[in-house]
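Take a look at the structure below.
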Amino acid sequence: MSQLHIIDHPMIQHKLSIMRDIRTGAKDFRQLLTEISLLMGYEVTRDLPLEPVEIETPMCKTTARVISGKKLAIVPILRAGLGMVDGLLTLLPVAKVGHIGLYRDETTHLPVSYYCKMPSDICHRLVIVTDPMLATGGSSSDALTMLKKNYGCTQLRLMCLVAAPEGVKKLQKDHPDVDIYTAALDEELNSDAYILPGLGDAGDRIFGTK
Ligand code: PRP
Ligand code: URA
């Protein structure tokens, strides 16, 4: 069964509350999303394996520990997932980045795929899929299915910002092998499949398109 990790660190909660506020403009919204993504990345990578390495400090020789050659990839779901990439890359500067383009049809709320470009060796990498909003779960579930079926990925994690119970349920049913990391589990979806209380349309708030 996939684990739901709710990262309730006070700094993340504080920044998320400012993001939710309708008065927060695109510049601050983007900056806060970048900062939260870096902080969440710390938890998403908490269990990466370490290996010993012999080094010499200015004082003596010692055995230190480094990440054991684990290769990572970050895969944002366009558009809003892009807002989480820079923060993660600050933490993981050598990670490769793939892109999946999906938008939700306004009437059916079902995801429509329009773009996909992955690093050639993505099947050997631990993949962190990013999308700030997990609403019905349709977009994230389709993105994970695509990465498994079309690219052979076997190690996947989903990093979002705000999740609805409906989305978590769908993800855990469709992808029991994929852990979900979120800063908040909100109350419900409205009749347009938007998260309540949520933060509105993440893509529009990041890019100022409304
Ligand atoms: C939003 C969001 C997710 C999706 C979540 O994208 O960024 O990708 O909706 O909804 P779901 O869980 O019900 O699938 P949107 O379709 O608005 O596209 P955009 O990021 O290009 O604005
Ligand atoms: N997509 C968003 O950007 N926000 C929601 O609340 C739901 C889907």
Side-chain angles (χ1 to χ4, degrees), residues 2 4-6 15-30 32-34 36-37 40 44 74-88 97-118 127-148 156-176 178-210:
S2 113
L4 174 66
H5 304 262
I6 301 174
K15 290 173 192 291
L16 173 58
S17 298
I18 302 172
M19 291 183 73
R20 289 186 191 271
D21 192 322
I22 192 172
R23 294 169 301 181
T24 300
K27 175 174 166 289
D28 289 340
F29 192 91
R30 270 197 303 273
L32 289 160
L33 183 56
T34 297
I36 291 179
S37 303
M40 287 185 72
V44 176
I74 302 164
V75 176
I77 301 177
L78 308 182
R79 292 174 300 168
L82 282 175
M84 304 179 96
V85 173
D86 284 354
L88 278 180
V97 182
H99 294 85
I100 293 183
L102 288 176
Y103 71 87
R104 251 181 16 162
D105 181 276
E106 281 183 11
T107 318
T108 65
H109 307 140
L110 292 172
V112 181
S113 161
Y114 62 88
Y115 185 75
C116 199
K117 181 81 180 173
M118 292 298 146
V127 182
I128 303 172
V129 175
T130 66
D131 192 332
M133 309 310 280
L134 180 61
T136 65
S139 305
S140 295
S141 180
D142 277 14
L144 291 165
T145 300
M146 213 183 290
L147 285 163
K148 289 179 183 175
L156 294 144
R157 294 173 185 191
L158 175 68
M159 182 171 127
C160 53
L161 181 68
V162 178
E166 294 88 335
V168 171
K169 197 170 163 201
K170 177 170 175 59
L171 250 289
Q172 290 187 324
K173 176 171 161 285
D174 294 353
H175 300 284
V178 178
D179 278 6
I180 305 166
Y181 295 79
T182 186
L185 180 61
D186 274 14
E187 285 159 26
E188 59 182 343
L189 298 178
N190 71 7
S191 55
D192 291 324
Y194 272 79
I195 301 174
L196 297 177
L199 47 71
D201 188 304
D204 283 343
R205 295 199 65 188
I206 292 169
F207 297 108
T209 41
K210 205 145 221 172

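Counting convention: from 1, in listed order, for ligands and their atoms alike. Since the structure is predicted, the reported quantities are computational estimates derived from the model, not experimental observations.
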I'd like to check which ligand 2 atoms, numbered from 1 as shown, lie under 4.0 Å from a non-hydrogen atom of R104.
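The list of qualifying atoms is 7 (C), 8 (C).
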Does the plane of the ring in Y181 sit parallel, tilted or perpendicular to the ring in H5? Use 30° and 60° as the thresholds.
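Y181 vs H5 ring planes: parallel.
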May I ask you to test the I74-V129 pair for a side-chain heavy-atom distance under 4.5 Å?
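Contact flag for I74/V129 side chains = no.
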Using side-chain heavy atoms (C-beta onward) and a distance below 4.5 Å, is L82 in contact with H99?
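Counting from C-beta outward, L82 and H99 do come under 4.5 Å.
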Any idea which protein heavy atom is nearest [atom], and the distance to it?
{"atom": "atom 5 (C) of ligand 2", "value": "Y194 CD2, 3.3 Å"}
{"atom": "atom 6 (O) of ligand 2", "value": "I195 N, 2.8 Å"}
{"atom": "atom 3 (O) of ligand 2", "value": "A202 N, 2.8 Å"}

Quick one: do the [X] and [Y] side chains pair a donor with an acceptor below 3.5 Å?
{"X": "H175", "Y": "K148", "value": "yes"}
{"X": "D131", "Y": "S140", "value": "no"}
{"X": "D142", "Y": "T145", "value": "no"}
{"X": "R79", "Y": "T209", "value": "yes"}

For atom CD1 of I22, is the number of surrounding heavy atoms from other residues, nucleotides or ligands below 6.0 Å larger than 12?
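Not more than 12 within 6.0 Å, no.
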Testing the basics here: between V162 and G198, what is the closest heavy-atom pair and its distance to 0.1 Å?
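Answer, listing the atom of V162 first, then G198: CG1-CA, 4.4 Å.
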For [X], state whether at least one heavy atom is located under 4.0 Å from any atom of ligand 2.
{"X": "R205", "answer": "no"}
{"X": "G200", "answer": "yes"}
{"X": "A193", "answer": "yes"}

A135 to ligand 2: N or O pair under 3.5 Å?
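N/O-N/O distance below 3.5 Å does not exist for this pair.
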Could you please provide the protein residues found below 4.0 Å of ligand 1 on a heavy-atom basis, arranged by chain and number?
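Ligand 1 pocket, heavy atoms under 4.0 Å: L78, R79, A80, Y103, R104, D131, M133, L134, A135, T136, G137, G138, S139, D201, G203.
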Is the side chain of S37 donor-acceptor paired with the backbone N or O of G87 at a distance under 3.5 Å, no angle test?
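Such a contact is absent between S37 side chain and G87 backbone.
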